[in-house]
Amino acid sequence: MAFFSWFKELNTKERKALYAGFGGYAVDAFDFMIYSFLIPTLIAAWGMTKGEAGMIATSSLISSAVGGWLAGILADRFGRVRVLQWTIATFCLFTFLSGFTNSFWQLLITRTLQGIGFGGEWTVVTMMMGEMIRSPQHRAKAVGTVQSSWSVGWAAAALLYWFFFAVLDEGTAWRACFWIGIVPALWITYVRRNVSDPEIYTQTRRKIAEGKLHGNFMQIFAPEHLKTTILGSLLCSGMLGGYYAITTWLPTYLKTVRGLSVFNTSAYLIVLIVGSFVGYIVGAILSDKLGRRGAFIFFAVASFLLGMAYTMLPITDSAMLLLGFPLGIVVQGIFAGIGAYLTELYPNHIRGSGQGFCYNLGRGIGSFFPIAVGMLAQTGSLVKAIGMVAGGGYLLVVVCALLLPETRGKSLVTADFTH
């Protein structure tokens with residue numbers, strides 16, 4: 001495909017980093033998304049309310065915000081690759097331990113701790129890829145390709161959910177969905193053996209050690225960066241909140257509102273997930289063609305419109321199956337450019353702090369969207385609750401994108417090295 005012609009221009013170091021990022025982000029997605037499939041089962045097994053189910057999702061997202069923020073700071077100090085390994089180990093371990101829980105409170109604790117590694121992994125892997133790619137015109141494509149692995153992890157969660165519930169009794173099946181989350185920790189071995197820190201990072205650390213450059217977390221709140229930090233955080237809040245409002249509750253909607261079986265729920269979600277993979281590729285292309293901001297606005301508007309059509313229009317199950325493909329494209333395509341964009345917004349010496357803070361504060365704020373849907377659904381329609389909450393998020397994306405600068409084509413080699 002013409003889209004992947006840029007891949008031939010990557011050197012060995014860039015390709016190995018891309019493989020590491022792709023695999024790391026895929027297992028990140030699996031460990032996070034598997035819970036959304038298990039919500040109906042756990043509600044039935046433990047008598048949880050929808051509000052409590054949403055609280056678990058929200059709690060893991062809040063902790064992921066803290067984890068991403070800390071990972072960004074640590075990655076600036078200890079290196080991208082080392083911190084990436086730490087984050088993978090964390091979310092794999094606590095996903096595994098979630099399979100041994102027996103109550104709402106126990107699962108709340110393990111999923112909250114899992115979130116720390118989940119949030120940290122995204123921050124480090126997107127920043128590492130953004131810095132590793134030498135050519136600015138390929139940055140969004142490379143980071144977008146890495147992020148497309150979210151769909152691979154999501155698909156793995158859907159398939160394993162179907163498999164375990166097909167071959168095991170329900171009480172064991174949901175636990176197995178969590179237990180298998182420990183297996184991807186083996187990916188740490190590949191990262192350790194094949195990936196090294198980007199040259200831009202090592203050069204920056206050398207300048208800091210020589211006293212030629214000073215960088216600390218609080219600099220992202222300095223007058224010259226404060227507007228970027230505030231608007232970048234709000235942009236991510238709307239983007240992630242809208243996404244979480246739709247995808248966290250979609251399996252529950254399909255099973256309880258549409259009355260689909262476990263098998264059919266997985267089938268509908270696979271169509272959505274395939275669309276999501278395509279969405280990352282389309283998003284990466286549009287991020288380079290339209291600019292970062294134009295792509296965000298396009299996908300925000302399209303996500304809201306298609307999300308409402310998917311859940312509110314009186315369409316048949318067959319039509320819903322077909323509509324899942326374009327819905328998947330738009331709800332994931334919006335994320336294709338965000339990793340490259342945040343990398344480009346900050347100078348080299350505070351990139352980890354800035355990127356980690358913006359995306360993960362956004363994740364923290366966005367984490368309240370699923371619980372908001374759950375609370376609203378207790379007194380009204382689940383469909384309307386999803387629409388109200390997701391719509392507010394995507395409107396915020398449009399406003400922030402209009403107020404932030406365009407960074408397409410920016411070179412990181414010449415990024416600000418001043419005090």
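In this text the structure is predicted, and so the values were computed from the model without any measurement. We use all heavy atoms of the structure for the numbers below, so side chains are in, but hydrogens, waters and symmetry mates are not.
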Heavy-atom closest contact (Cys358 atom, Thr228 atom, distance): SG-O, 4.3 Å

Sub-4.5 Å side-chain heavy-atom contact between Gln355 and Trp122: yes

Under 3.5 Å: donor-acceptor pair, side chain of Thr49, backbone of Glu52: yes

Test item: Pro405 and Leu345 side chains (from C-beta on) under 4.5 Å apart, heavy atoms: yes

Nearest heavy-atom neighbours spanning Gly24 and Glu121: C-OE2, 3.0 Å

Residue from Tyr35, Phe32, Phe91, Phe30 passing ring pair (Phe, Tyr, Trp, His ring centres under 6.0 Å) with Phe118: Phe32

Main-chain N/O of Gly51 paired with Gln378 side-chain donor or acceptor, under 3.5 Å: yes

Any donor-acceptor N/O pair, Ser353 side chain to Ile350 backbone, under 3.5 Å: no

Evaluation steps, side-chain contact (heavy atoms from CB on, under 4.5 Å), between Asp31 and Phe94: CA-CA 9 Å; Asp31 283 356; Phe94 287 106; over 6 Å; no

Residues Leu235, Val397; criterion side-chain contact (heavy atoms from CB on, under 4.5 Å); working and verdict: CA-CA 5 Å; Leu235 175 74; Val397 170; 3.9 Å; yes

Main-chain N/O of Glu406 paired to Arg292 side chain as donor or acceptor, under 3.5 Å: no

Exam field: side chain Trp69 to backbone Leu361, donor-acceptor pair closer than 3.5 Å: no

Non-hydrogen atoms of Leu290 and Ala295 that approach each other most closely: CB-N, 4.2 Å

Qualifying residue, where the test is side-chain contact (heavy atoms from CB on, under 4.5 Å) with Val83 and the options are Val125, Asp76, Leu74: Leu74

Test item: Thr123 side-chain N/O and Gly72 main-chain N/O as donor-acceptor pair under 3.5 Å: no

Donor-acceptor contact present, side-chain Ser303 to main-chain Val330, <3.5 Å: yes

Minimum heavy-atom distance between Ile88 and Ala185, given as atom pair plus value: CG2-CA, 4.4 Å

Distance, nearest 0.5 Å, that separates CG of Leu396 from CG of Leu234: 5.5 Å

Whether over 12 other heavy atoms sit under 6.0 Å from Met388 CE: no

Distance-only side-chain donor-acceptor flag, Arg15 / Asn194, under 3.5 Å: no

Geometric class of the Tyr243/Trp154 ring pair [parallel <30°, tilted 30-60°, perpendicular >60°]: perpendicular

Contact summary for Ile200 and Arg351, nearest pair of heavy atoms: CG2-NH1, 4.2 Å

Donor-acceptor pair between Ser63 and Thr112 side chains, under 3.5 angstrom: no

Ring geometry between Trp46 and Trp174 (parallel below 30°, tilted from 30 to 60°, perpendicular above 60°): perpendicular

Val124 vs Trp86 side-chain heavy atoms within contact, under 4.5 Å: no

Heavy-atom check, side chain of Thr95 versus side chain of Ile182, under 4.5 Å: no

Tyr394-Phe304 aromatic ring centre distance below 6.0 Å: no

4.5 Å side-chain heavy-atom contact, Val66 and Asn360: no

Side-chain heavy atoms of Gln106 within contact of Leu97, under 4.5 Å: no

CG-CG distance between Leu18 and Leu10, expressed to the nearest 0.5 angstrom: 6.5 Å

Any donor-acceptor pair under 3.5 Å from Asp197 side chain to Thr202 backbone: no

Atom pair OG1/OH of Thr126 and Tyr359 - distance to nearest 0.5 Å: 8.0 Å

Donor-acceptor pair, side chain of Glu131 and main chain of Glu199, under 3.5 angstrom: no

Donor + acceptor pair across side chains of Gln332, Ser151 (<3.5 Å): no

Side-chain heavy-atom pair Phe221, Phe357 within 4.5 angstrom cut-off: yes

Any side-chain heavy-atom pair of Tyr346 and Gln219 under 4.5 Å: no

Lys384 atom NZ: more than 12 heavy-atom contacts under 6.0 Å: no

Straight-line distance of Ile56 CD1 to Arg111 CZ, nearest 0.5 Å: 8.5 Å

Other residues, nucleotides, ligands: >12 heavy atoms within 6.0 Å of Arg82 CZ: no

CA sep, side-chain torsions, deciding dist, call: Val282, Phe299, side-chain contact (heavy atoms from CB on, under 4.5 Å): CA-CA 10 Å; Val282 173; Phe299 282 113; 4.2 Å; yes

Option among Arg139, Lys141, Arg408 that satisfies the salt bridge (Lys or Arg N to Asp or Glu O under 4.0 Å) test with Asp288: Lys141

Derivation and outcome, side-chain contact (heavy atoms from CB on, under 4.5 Å), residues Leu160 and Phe37: CA-CA 10 Å; Leu160 286 171; Phe37 291 90; over 6 Å; no

Trp150 and Tyr25 aromatic ring geometry - parallel, tilted or perpendicular at 30°/60° bounds: tilted

Pairwise distance SG(Cys400) to CZ(Arg293) - rounded to 0.5 angstrom: 12.0 Å

Contact summary for Ser233 and Ser237, nearest pair of heavy atoms: O-OG, 2.8 Å

Geometric class of the Tyr190/Trp187 ring pair [parallel <30°, tilted 30-60°, perpendicular >60°]: parallel

Side-chain donor or acceptor of Ser287 paired with backbone N/O of Ala284 under 3.5 Å: no

Plane angle bin for Tyr341 and Phe296 - parallel if under 30°, tilted between 30 and 60°, otherwise perpendicular: perpendicular

Distance, nearest 0.5 Å, that separates CD of Gln114 from OG1 of Thr90: 10.0 Å

